[in-house]
Structures are given as structure tokens and as C-alpha cells.
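Small disclaimer: the values here were computed from a predicted structure and weren't measured. Convention: sequence-line order gives letters A, B, ...; per-chain numbering from 1.
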Amino acid sequence: MSVIEVENLKYRYPDTTTLVLDDLSFSVEKGECLGIVGENTAGKSTLCYALAGLVPHFYKGAYGGKVTVNGLVVREHEIATIVENIGLVFENPFSQMTGAKQTVYGEVAFGLENMGLPRKNMHTRIEKYLKLLDVYSVKDKNPFDLSGGQMQRVAIASVLAMEPEVLILDEPTSQLDPQGSKDVFKVIEQLTGKGMTIILVEHKMEQIAQYADRVLLLHEGKQIDLDTPEKIFSRLDLKEFGVRPPVVTSIAQALTIRYPDTQLYPVTIQEFKRLEEMK
Amino acid sequence: MNRFKLKDIAFSYSPDVSIFEGLDLTFDSQTTAIVGQNGAGKTTLVKIMKGLLKPSKGTLSIDGESIADQTAAQLAKRVGLVFQNPNDQIFKTNVLEEVMFGPLNIGFSRFEAEKGAREALKKVGLESKVSDNPYDLSLSERKLIALASILAMDTEMVIFDEPTTGQDFAGKEKIKAIINELKAEGKLILCILHDMDFAADVFERTVVLNQGEVILDGQTRDVFPEKNVLEKAYLEQPYVTQIAQALGYNDSFIHESELVAFLNNKK
Amino acid sequence: MNTMTLYVERNSPIHRLDPLVKLLYVAASILLTYILPEPLYIGGILFVTFLLLIIGKVFRNSLPIVTLSMFLIFSLVIVQGFFHPDNVTELFAIGPLVFYEEGLYVALVLVMRVLVMVGAFSLLILTTATDEMVERLIKKGMSPKIGHVILSVLQLIPQMRATMVKITDAQRSRGVETEGDLLTRVKAFFPLIGPVVLNSLNETKERSIALEMRGFDSPMKKTFLNEAKQYPHNKLIAGLITGIVILGIVWRVFG
């Protein structure tokens with residue numbers, strides 16, 4: 001069974017008239033990394049909220065269809081139950097620090113305390129995720145004294161420590177500097193390598209091409225396409241949806257460097273190089 | 001011509017950590033990108049240029065005229081600074097009023113201010129939203145409002161702090177067009193960036209800051225091939241440059257079209 | 001980074017006391033100044049409070065707090081010294097200002113009482129980490145939500161100050177003068193306060209999403225990272241304090 005199943009999901013925010021999510025249906029398999037792309041008004045963040053239960057529990061409004069995460073129907077369970085199955089990290093690292101704890105260590109513990117995890121299991125878990133996210137060395141610091149990149153990694157550690165089946169990353173690096181983004185993507189690479197199910201929203205198509213197994217293309221709340229990065233980024237009408245392909249793909253298009261069998265264009269530098277040498 | 005000149009600037013936030021020690025930089029008519037890590041001193045630099053911070057040593061001048069004694073509010077007539085987070089400035093209940101606020105402060109008449117504001121909103125593509133409440137718009141639209149509110153002041157210099165964060169493809173294209181338009185109007189353009197691809201694509205000159213020092217300064221084309229120096233500042237090359245190098249070409253490529261043309265010729 | 005707590009980390013027997021016991025001491029000492037409202041007794045309580053501040057190695061840190069409350073103390077002396085309704089016995093005069101014995105007596109009691117309050121609160125605040133106290137109160141049944149509000153406010157006020165600096169910069173860049181005469185400052189008020197309010201609303205929304213994502217509303221029984229500390233002689237000390245208060249009441253009624 002798929003980890004996430006979305007069936008005919010429709011949603012509009014309270015006091016508005018347009019559907020932000022308009023009849024979405026797809027599923028995500030265990031261990032898969034799904035990229036979500038589209039312009040700013042496409043509904044990417046709202047979809048993330050709907051997967052994590054913030055829609056319809058935190059944001060009310062008109063809701064139709066069904067979202068199932070790890071066997072739980074999102075609409076029928078409280079957010080607190082859903083977050084043990086799916087975690088969400090968003091762009092602003094600063095507002096993801098709860099303010100309730102004076103150390104990074106305590107910050108990671110916060111979710112576990114709320115879950116009611118017995119104390120004897122807490123320390124091993126906290127340390128495991130502090131190390132995984134490479135923030136163990138700052139465990140005794142105040143979270144607000146960290147750099148943006150470190151803060152974001154603490155936010156990811158805090159969510160992962162609750163050991164959800166799926167991790168949603170909604171533009172996790174857009175407010176970070178180059179080094180901070182690099183560190184976060186290093187972590188994403190590790191997690192995908194470990195077989196974590198990840199949903200990644202990102203403006204840099206090069207990153208989507210690098211990590212996503214499949215890409216969901218949204219436009220004005222509608223599901224335009226869901227396919228492999230090669231298929232999505234080879235679409236000639238991509239720019240009509242406010243998305244540009246990775247630089248390497250558009251160069252490949254200009255030079256008609258493509259896979260001989262599928263006629264699709266490469267999306268990573270490695271593949272580009274391979275195909276160019278073949279030619 | 002050296003229009004904006006910083007000479008021998010020293011600055012520190014606290015006595016034991018100095019940000020700049022004897023920084024010299026001049027800006028002429030070229031559009032310039034300033035890149036570097038957080039903490040490299042980019043924001044401090046533009047705040048000094050804008051009069052928001054006063055250097056402990058050194059001189060600042062525009063067209064030879066010293067501006068060291070002017071307050072930020074006085075400098076507002078000459079230097080516009082577009083901040084990163086629009087929520088730090090928006091407070092009016094409609095878009096037009098918000099954009100007119102700056103011009104009115106620096107002595108525009110209501111008529112002139114409205115004219116300037118409408119033109120600026122047209123530039124950023126929000127002319128249809130003049131009477132909306134800014135907080136009903138999206139964050140990327142609010143960023144454009146903040147940008148328009150500086151453009152409306154018609155300053156001879158415009159400094160941008162991270163204009164592309166949170167913008168999608170269309171938003172970036174719009175900002176690129178605005179920068180080129182301002183350049184054509186003869187304005188001095190400076191931009192702090194984390195987005196190397198945008199820097200390579202749009203700006204004529206690039207300055208790399210690292211720990212308060214300029215470690216690279218030159219034509220964008222000459223700066224980005226310097227992989228080793230960039231790495232010292234924890235920066236990556238633009239994707240186009242990376243692709244060219246991965247393919248084994250060490251020439252300087254900073255635009256997609258150049259690389260395509262080069263590869264086409266080679267065939 | 002300065003957070004808003006005044007906690008001073010020291011190794012002292014007072015630091016090792018249960019925050020609730022210290023809270024009890026605050027209540028008891030203030031209560032006693034009402035039960036036994038004579039300078040001699042209040043002086044005694046004051047002496048004990050200051051002694052505890054010294055044992056807690058925070059006496060020096062309490063001085064700024066006491067100084068801050070001097071303004072209140074001073075105005076008490078003036079008002080009571082001049083205007084107390086029972087004023088009959090003229091004590092001394094400075095120029096046209098006449099001080100009366102009755103008024104000054106009342107003022108003295110009030111001043112000492114304020115000092116006890118300030119001293120006892122300083123003892124609590126300076127020797128107790130805020131999170132330890134809040135956690136203790138939550139374990140005793142206080143709502144975790146209230147606990148979170150207390151803690152996060154203390155952490156977030158310094159952050160708000162940083163936001164305020166950014167907003168000031170942004171508005172100065174648009175020609176707002178923020179320094180100068182009163183009129184200039186008044187004019188700058190709305191452009192500065194508007195974004196502050198809107199910004200914090202925005203941040204609050206994002207932070208509540210982050211809290212939701214950490215299961216803050218979970219119906220599960222909360223557990224705690226920090227083990228319940230063993231507080232030495234907890235019951236004994238609490239009993240002692242309560243005993244003294246009862247003794248005070250008895251003294252007052254029958255004495």
C-alpha cells in the first residue's frame with residue numbers, strides 16, 4: 001500500500017472563492033522522493049498543509065476528497081496523531097524554533113515530550129538525530145543563537161526525532177545562504193539514501209532533478225502532470241506553468257542532446273555528459 | 001567615473017569583533033552584484049552606504065561630495081535600499097498609499113508622489129492591485145510592493161538586498177527586467193545576492209566578500225570561473241559555469257546562450 | 001544572546017531548593033508583613049530575606065532591582081509623610097514641607113514591606129531557571145499552554161527587539177526621521193509600530209504551525225526530558241515556612 005494516497009482533493013481557504021487545490025489525485029510510495037514544482041500561486045504549500053493535516057484542522061475552509069497518510073485518513077484524525085506519521089519543515093527557520101526551550105537539545109525533546117515518549121528512550125533518540133543532522137556540537141546552545149542553516153537543521157532534527165514515516169520539506173533552503181543550503185541538501189541526500197519518504201518543494205529545479213524520483217507539476221491548484229523528472233522537464237510547454245527546466249536540460253534542448261530511446265532530455269550534468277559523449 | 005566611493009572604511013559592532021578594516025570600494029555605472037556568506041559583511045556594507053550605520057573611520061562620497069554626515073533619512077533622496085523582508089516596512093492599508101509613503105517623506109507633492117507610485121507599481125506589474133490591502137497579497141507580491149516603494153522615490157542609486165528569495169521563475173524575470181530598465185535610466189545599481197545564477201545572468205560586475213574583505217572584484221565573467229577563490233568564500237559557481245567545467249571547457253561561460261553557441265560551433 | 005530571564009547561575013543551597021518552596025517563601029514573607037505589620041517584625045523578615053540572598057550568592061545581583069524600586073519607595077515616603085489622614089504630630093520640616101510622625105511611621109512600614117516583596121521575588125527569580133520553574137508548575141497541574149506562553153515570551157522579547165531594529169532601518173531608508181524632537185518621534189510612531197504588530201502576528205501564525213507539527217495539542221500525557229529533581233529537605237523546609245506563618249497568625253490573634 002502507498003504511504004500517501006490523495007483522492008480527488010479539493011480545498012479552498014475560508015472567505016475565498018477560488019479553489020487552491022483543484023481535484024488532485026496521486027499516491028506516494030514508501031522510500032520515494034516526490035518533488036513538487038509550480039509557480040508561487042500553484043498551491044504547493046497548501047498541498048503540504050493538506051498532507052500534514054493543517055488543512056483542514058488548522059486552516060478550516062471547504063474541503064473535499066480524501067487524503068490518507070500511512071493508513072490514517074487525515075480528515076478524521078487530530079494533527080497531533082498525524083504528525084507522528086508525517087512531519088513538515090518549512091522555509092523560515094526562525095519561526096520553527098518553539099521558544100519553549102533554552103537549548104537545542106531541549107528543542108528536539110519538545111515534540112517527544114508532547115508525544116509522551118518515555119524519558120529513557122528520549123536521550124538516545126535526540127542524540128541520534130542531532131548527530132544525523134550534524135548539530136550535535138551545538139546541542140547546549142540557545143536555538144536562537146544559531147545561524148539560519150543550523151536552525152533549519154535543528155528544525156529538521158526536531159521533526160525527524162518524532163520518527164514520522166514521511167518528511168515534507170517546503171522550500172527548506174530559500175531563506176538560507178549558500179553554505180546553509182548546501183548543508184541542508186547534504187542532509188536531504190543522506191535521508192533519500194536511507195530510504196526516507198520525502199516530499200520536496202523547491203524553486204531550484206537542479207535540486208529537484210537531483211533528488212526527486214517523480215515530480216508533481218501544479219498550476220493554479222490543478223495537477224498538470226506527475227512523472228519522472230526527465231519527462232516533466234522535457235515538456236516543451238513547461239514555461240507556460242511558470243517553471244523553467246534545469247539549466248542543463250535547456251542546454252540539452254538547444255543542442256538536441258537526448259536519450260535515443262525515449263527522446264527525453266537529460267536533467268543532470270552527469271547524464272548530459274554521458275549522452276554528449278555518446279553522440 | 002567613480003560615482004559612489006568608500007575609502008578606508010572601518011566598522012565594528014562590538015570592540016572585539018571588527019567587520020571592516022580599511023575597506024575601499026567604488027561603484028560606477030556598472031550593475032554590481034555583491035555575493036558572500038552570511039556574516040561576510042554584505043548587509044553591513046550596504047547599511048553603511050545608506051547611512052544606517054556610521055563607520056568608525058573612512059570617507060563616503062557620491063560624485064565627489066562627502067555624505068558622511070547625512071542621516072539615513074536625508075540620504076533617502078539619493079540612495080534607495082530595498083530590504084529583504086517586506087513585512088519590516090509595510091504598514092498602510094492600501095498598496096498605493098504604501099508606495100507613496102517614501103516619496104511624500106522626501107518632499108514630493110501628493111500629485112508627484114502618486115504619479116511616481118503608479119509608475120513604480122506598473123514597473124513591478126502590480127498596477128491592477130493599487131487599492132488592495134498589501135496583507136491580502138502573497139509574500140512575493142509584497143516583496144514587489146517594497147521594491148516599488150523604493151523605485152517611486154526615484155533615487156539615483158538603488159540597492160537591493162536579496163531580491164530573488166521566494167520569487168519564482170516569473171518573479172525573477174521581472175526583477176531582471178526592472179534592473180535592466182533602471183540601468184538604462186542611468187541609475188546606479190547594487191545588489192546583495194545568494195543566487196549565483198541570477199548574479200551571473202544579470203550583473204556586469206561581481207564583488208565577492210569574505211569576512212569583511214573583498215577577495216574578488218571584477219567583471220562577472222572574470223569572477224565566476226575562479227572556482228578556488230569562490231570555494232574559500234563557501235560559494236558555488238553558477239550552473240552554466242559548472243556544466244561547462246564538467247564538460248571539460250575552462251573558458252568563461254556565464255550565460256546559457258554562450259555555452260549553447262560554443263557547443264554548437266564545436267560540432 | 002540575552003534572553004529575558006534574570007537567572008544567575010551559581011552553586012548555592014538556595015539554587016538547589018525546589019522552585020515551589022521558593023515560591024512559598026515569597027508568599028509567606030509577604031503574608032507575614034501583613035499579619036505582623038510592625039517595623040520590628042518586618043525588619044526581621046527583611047533581615048532573613050537579605051540573608052538568604054547572600055547565601056544564594058545573588059545579593060549583589062538583587063541591588064539593581066532594589067534600586068529600581070527606590071522610585072516607588074521614595075514616592076511612598078513623600079505621599080504618606082505629607083498627606084496621611086492621621087497626621088497630627090509634627091516631626092520636622094524642610095522649608096514649607098512638614099513631615100508628621102504618624103505618616104512617616106506608615107511610610108516606614110510600607111517601605112519595608114515593598115523591600116520584602118522585592119527581596120523575596122529577587123530571591124526566587126535570581127536563583128531559579130525559568131524553565132525549571134515552569135516545568136515544576138506544569139507537573140503540579142498548570143496548563144502546558146500557559147507554561148509555554150511564559151517561556152516563549154521571555155525568549156521572544158529579545159528577538160522582537162532585533163525585528164524593531166530592522167523595521168527602524170527600513171523606514172529610515174524611506175525618509176522617516178526617527179531621531180529629533182517630540183513631533184518627529186510622534187510622526188515616526190505609526191510607520192514603526194504598524195510593521196511590528198503585523199510582523200508578530202505573522203510570526204505567531206507560523207510558530208503555531210510549527211508547534212502543531214510537534215504535537216503540541218497532543219492528548220497524550222506529556223513526558224519530560226529532565227528528570228524530576230530531588231530537592232533535599234523539601235517537605236521539612238515547606239513545613240517550617242508554613243509553621244512560621246501559622247505561628248505569626250497565632251501570635252497576632254492571642255499576643
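For Met142(C), the CE atom counts as densely surrounded, since its 6.0 Å shell holds more than 12 non-hydrogen atoms of other residues, nucleotides or ligands. Around the NZ atom of Lys66(A), the shell of radius 6.0 Å holds no more than 12 heavy atoms that belong to other residues, nucleotides or ligands. Residue Phe190(C) places its CZ atom among 12 or fewer non-hydrogen atoms of other residues, nucleotides or ligands, all under 6.0 Å distant. Atom NE2 of His123(A) sits in a crowded spot, with more than 12 heavy atoms from other residues, nucleotides or ligands closer than 6.0 Å. In the displayed structure, Arg60(C) atom CZ is contacted under 6.0 Å by at most 12 heavy atoms of other residues, nucleotides or ligands. Other residues, nucleotides and ligands place more than 12 heavy atoms under 6.0 Å from the OH atom of Tyr129(A).
Residues passing the side chain to side chain contact (heavy atoms under 4.5 Å, CB included) test with Asp15(A), sequence neighbours excluded: none.
Contact of Ile126(A) with chain C is made through the side chain alone, with heavy-atom distances under 4.5 Å. For Lys222(C), the parts lying near chain A are the backbone and the side chain together; criterion is any non-hydrogen pair under 4.5 Å. For Lys101(A), the parts lying under 4.5 angstrom from a heavy atom of chain C are both the backbone and the side chain. For Met115(A), the part lying under 4.5 angstrom from a heavy atom of chain C is the backbone only.
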Donor-acceptor contacts, no H, no angles, side chain residues 210-218 of chain C, under 3.5 Å, sequence neighbours left out:
residue, atom, partner, partner atom, Å
Arg214(C), NH1, Glu107(A), O, 3.2
Arg214(C), NH1, Glu107(A), OE2, 3.4
Arg214(C), NH2, Gln96(A), O, 3.2
Arg214(C), NH2, Glu107(A), OE2, 3.0
Asp217(C), OD1, Lys145(C), NZ, 3.1
Ser218(C), OG, Asn114(A), O, 3.3
Ser218(C), OG, Met220(C), N, 3.1

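Of the possible polar contacts, one joining the Thr223(C) side chain to the Leu117(A) backbone as a donor-acceptor pair under 3.5 Å is found.
Inspection of non-hydrogen atoms places Tyr49(A), Ala52(A), Leu54(A), Phe58(A), Tyr59(A) of residues 46-60 of chain A under 4.5 Å from chain C. Against chain A, the residues from residues 196-209 of chain C that qualify, each with a non-hydrogen atom under 4.5 angstrom away, are Glu203(C), Lys205(C), Glu206(C), Arg207(C), Ser208(C), Ile209(C) in number order.
Heavy-atom minimum distance, Arg119(A) versus Asn226(C): NH2-O, 3.5 Å. Across all their heavy atoms, Thr98(A) and Ser152(C) have their closest contact at O-CB, 4.0 Å.
Side-chain contact check for Glu113(A) versus Leu225(C): some heavy-atom pair is nearer than 4.5 Å.
Each of Ser158(A), Ala161(A), Pro143(A), Gly106(A) has some count of heavy-atom pairs under 4.5 Å with chain C, and the biggest count is that of Ser158(A). Here Ser95(A) is the residue among Gly111(A), Ser95(A), Ala80(A) with the most heavy-atom pairs under 4.5 Å with chain C. Per-residue heavy-atom pair counts under 4.5 Å with chain C were compared for Ile86(A), Val89(A), Leu112(A), Ile79(A), and the maximum is reached by Ile79(A). When Ile82(A), Leu88(A), Val159(A), Thr81(A) are compared by the number of non-hydrogen pairs under 4.5 Å with chain C, Leu88(A) comes out ahead. Counting heavy-atom pairs closer than 4.5 Å to chain A, the top-ranked of the candidates Val149(C), Ile150(C), Val134(C), Leu151(C) is Leu151(C).
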